[in-house]
Asks: 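Handing you this structure, nothing more for now.
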Protein chains: 2
Amino acid sequence: MQLGKPRAERADARRNRLRLLEVAREMMAEHGTANVTMDSLAERAGLGKGTVFRRFGTRAGIFKALLDEEAHRFQEQVISGPPPLGPGAGPVERLIAYGRVRIEFLIANLAVAQAAMERDIRAPAVEVDMTQMHLRMLLGQADLDVPDLDILATQLSAALEGPLLLYLASAPPVETLDAEPARRLADGWQTLVERLFGIDAPRGTEGDAPQR
Amino acid sequence: MQLGKPRAERADARRNRLRLLEVAREMMAEHGTANVTMDSLAERAGLGKGTVFRRFGTRAGIFKALLDEEAHRFQEQVISGPPPLGPGAGPVERLIAYGRVRIEFLIANLAVAQAAMERDIRAPAVEVDMTQMHLRMLLGQADLDVPDLDILATQLSAALEGPLLLYLASAPPVETLDAEPARRLADGWQTLVERLFGIDAPRGTEGDAPQR
DNA sequence: AGTCTAAACGGACTTTACCCCGCTTATATT
DNA sequence: AATATAAGCGGGGTAAAGTCCGTTTAGACT
């Protein structure tokens with residue numbers, strides 16, 4: 001079948017892509033995601049509108065790209081960082097850790113994450129795939145007596161990301177978010193996972209939760 | 001603080017609202033949700049575009065309204081129908097039943113549900129409130145040793161609705177969906193809830209699931 | 001029946017994402 | 001260096017959502 005190599009990104013293309021991301025960040029910093037329109041972005045970057053679309057395909061694509069840059073660091077931690085997030089800890093512990101950090105990450109980048117979903121819900125959206133695959137892997141490692149692990153992974157990833165991206169992100173186009181809902185969500189996630197695995201609330205004795 | 005009654009809907013307003021919904025249904029039946037544009041809808045209904053927006057506020061609003069009509073029947077079943085969906089059964093049983101029926105409902109109306117979310121994620125979306133509140137209530141009735149029931153309800157409703165509305169609804173703007181994912185999702189939901197409540201899989205004896 | 005007013009109506013206007021396609025250019029090959 | 005060509009570029013064009021505001025009308029009250 002042999003499909004030839006993707007023929008590396010051309011130098012000008014790369015330059016423009018980076019410039020556009022840079023300018024997008026600037027514009028966001030100034031007036032939030034809302035005012036980053038394709039026209040204004042192109043103009044301010046000194047490029048044609050067509051170029052913007054060629055580079056990112058869609059408006060949401062820009063924010064996805066922005067998010068990916070961040071997500072990449074995070075992903076490295078997960079793959080080869082120290083436990084409990086990285087390998088080394090038990091799967092349940094890693095599940096919990098993953099969720100907590102992911103929630104933190106999403107909250108820190110809420111505006112971008114929202115913008116990355118806006119319009120066309122469909123499409124893998126915000127790195128959901130990554131979460132789903134990782135959960136699936138950890139669920140496989142923990143030996144859980146559940147018939148359909150794929151579905152469970154899907155449901156859990158929805159439980160993890162959904163509240164932030166959908167429910168919690170209501171009303172005004174959120175730009176920032178304080179720490180309390182973050183803690184509630186993270187604790188909720190932990191409880192959910194623990195109960196799923198039949199761990200009955202390590203409450204009281206353990207000095208488990210000053211958590212910050 | 002007496003805020004006067006909302007001053008019932010005017011006759012012409014009601015007539016036009018119903019007509020628009022009717023026409024929208026027709027157009028959907030012919031070419032799917034995609035071709036229901038505000039302009040064409042208005043024109044075909046013989047009304048001005050302004051009227052359409054006045055009645056529904058936004059494109060998604062039309063589909064929400066369409067969904068509500070259906071959801072209303074469903075809601076009645078939940079509130080005063082026979083168990084296990086309606087009152088009379090235990091809370092865990094009702095949780096499971098609710099999820100199963102809700103999944104069925106969403107799959108049956110997937111295209112509309114998707115359209116009801118498209119653009120501006122924010123806003124309570126697709127009757128999520130109803131699901132969330134109902135789950136919250138049932139969780140309260142089951143005495144579950146969990147600190148934050150609100151969060152749990154949110155997470156569960158995401159786990160219930162999310163997969164359908166987001167992940168599963170990928171690729172081509174879905175118009176219909178076959179029965180298999182429905183069963184997997186429903187079974188997955190049941191398993192999830194059972195494990196949450198520490199019920200260890202009523203497998204084997206019960207004629208519950210030839211599972212394919 | 002006549003009057004009044006909040007509500008509804010209509011459609012031109014604005015904004016924005018996204019498409020198209022002729023022109024330009026980086027880069028591999030000779 | 002010259003050439004070929006796939007990739008990139010630009011910006012005018014289209015479609016669709018959503019806004020505005022002057023005009024019309026239902027229906028309450030007299």
Side-chain angles (χ1 to χ4, degrees), chain A residues 3-21 23-24 27-28 31-66 114-123 173, chain B residues 3-21 23-24 27-28 31-66 114-123 173:
Chain A
L3 20 76
K5 71 182 78 149
R7 204 180 190 95
E9 185 182 35
R10 231 169 74 171
D12 50 352
R14 174 184 167 82
R15 196 179 338 115
N16 289 338
R17 181 170 55 79
L18 294 177
R19 168 151 184 76
L20 284 168
L21 287 177
V23 173
M27 294 176 77
M28 277 183 48
H31 305 100
T33 55
N35 93 113
V36 181
T37 76
M38 302 309 258
D39 288 288
S40 64
L41 176 58
E43 188 183 19
R44 181 148 160 185
L47 295 170
K49 203 189 339 180
T51 304
V52 182
F53 278 94
R54 168 167 278 265
R55 284 284 78 84
F56 298 105
T58 164
R59 188 183 124 98
I62 292 173
F63 296 103
K64 279 185 199 157
L66 240 26
Q114 280 184 224
M117 299 198 67
E118 238 154 52
R119 209 173 250 97
D120 70 16
I121 304 293
R122 55 189 129 285
Chain B
L3 20 77
K5 71 184 75 154
R7 206 181 186 93
E9 186 182 34
R10 234 168 74 171
D12 51 352
R14 174 185 168 82
R15 194 178 342 112
N16 288 340
R17 180 171 55 79
L18 294 177
R19 170 153 183 74
L20 284 168
L21 288 177
V23 172
M27 294 177 76
M28 277 184 47
H31 303 101
T33 55
N35 92 113
V36 181
T37 77
M38 302 309 258
D39 287 288
S40 64
L41 177 59
E43 187 182 21
R44 181 148 160 184
L47 295 170
K49 191 168 25 158
T51 304
V52 182
F53 278 94
R54 168 167 278 265
R55 285 283 77 87
F56 299 105
T58 164
R59 187 183 124 99
I62 292 173
F63 296 103
K64 279 184 200 159
L66 240 26
Q114 280 184 227
M117 297 199 69
E118 238 154 52
R119 210 172 252 98
D120 69 19
I121 304 293
R122 54 189 130 283

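Order of the sequence lines fixes the chain letters, A, B, ..., with proteins taken first and strands second; residue numbering starts at 1 for each chain.
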Asks: Starting at atom CG of A:Asn16, determine the distance to atom C1' of C:dT25, rounded to an integer number of angstrom.
Replies: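 About 12 Å, once rounded to whole Å.
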
Asks: Please compare A:Ala11 and B:Thr51 by the position of their nearest nucleotide in DNA chain C and report the one closer to 5'.
Replies: B:Thr51

Asks: Please evaluate residues B:Met38 and B:Phe56 with respect to the criterion side chain to side chain contact (heavy atoms under 4.5 Å, CB included), reporting the C-alpha separation (whole Å), side-chain torsions for both, the decisive distance (0.1 Å), and the verdict.
Replies: CA-CA 10 Å; B:Met38 302 309 258; B:Phe56 299 105; 5.6 Å; no

Asks: Scan B:Arg17, B:Arg15, B:Arg54 and name whichever one has a salt bridge (charged side-chain N to carboxylate O under 4.0 Å, His left out) with B:Glu9.
Replies: B:Arg17

Asks: Find the distance A:Asn35:CG to C:dA17:P and express it as a whole number of Å.
Replies: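 It works out to 11 Å between those atoms.
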
Asks: Which sits closer to the 5' end of DNA chain C, B:Arg10 or B:Gly46, going by the nucleotide each is nearest to?
Replies: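 Checking each residue's closest nucleotide, the 5'-ward one belongs to B:Arg10.
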
Asks: From the set D:dG10, C:dG10, D:dG12, return the single nucleotide nearest to any side-chain atom of A:Lys49.
Replies: D:dG12

Asks: Measure from CG on B:Leu41 to P on D:dG18 and round the result to the nearest Å.
Replies: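 Roughly 13 Å, once rounded to whole Å.
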
Asks: Answer yes or no: does a side-chain N or O of B:Arg59 lie under 4.0 Å from OP1 or OP2 of D:dG18?
Replies: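 Negative; the distance criterion is not met.
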
Asks: Could you tell me how far apart B:Asp39 (CG) and D:dA17 (C1') are, to the nearest whole angstrom?
Replies: 8 Å

Asks: To the nearest angstrom, how far is B:Met38 atom CE from C:dA17 atom C1'?
Replies: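 Rounding to the nearest Å, CE of B:Met38 and C1' of C:dA17 are 17 Å apart.
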
Asks: Got a donor-acceptor contact below 3.5 angstrom from the B:Arg59 side chain to the B:Val36 backbone?
Replies: yes

Asks: Report the distance from atom CZ of B:Arg17 to atom P of C:dC9, rounded to the nearest whole Å.
Replies: 11 Å

Asks: D:dA17 C1' sits how many Å from B:Phe56 CZ, rounded?
Replies: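 Between C1' of D:dA17 and CZ of B:Phe56: 16 Å.
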
Asks: In whole angstroms, how far is the P atom of D:dG10 from the CZ atom of A:Arg54?
Replies: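 For the pair A:Arg54 CZ and D:dG10 P, the rounded distance is 11 Å.
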
Asks: Select one nucleotide: of D:dA17, D:dG8, C:dC9, the one nearest the side-chain heavy atoms of B:Asp12.
Replies: C:dC9

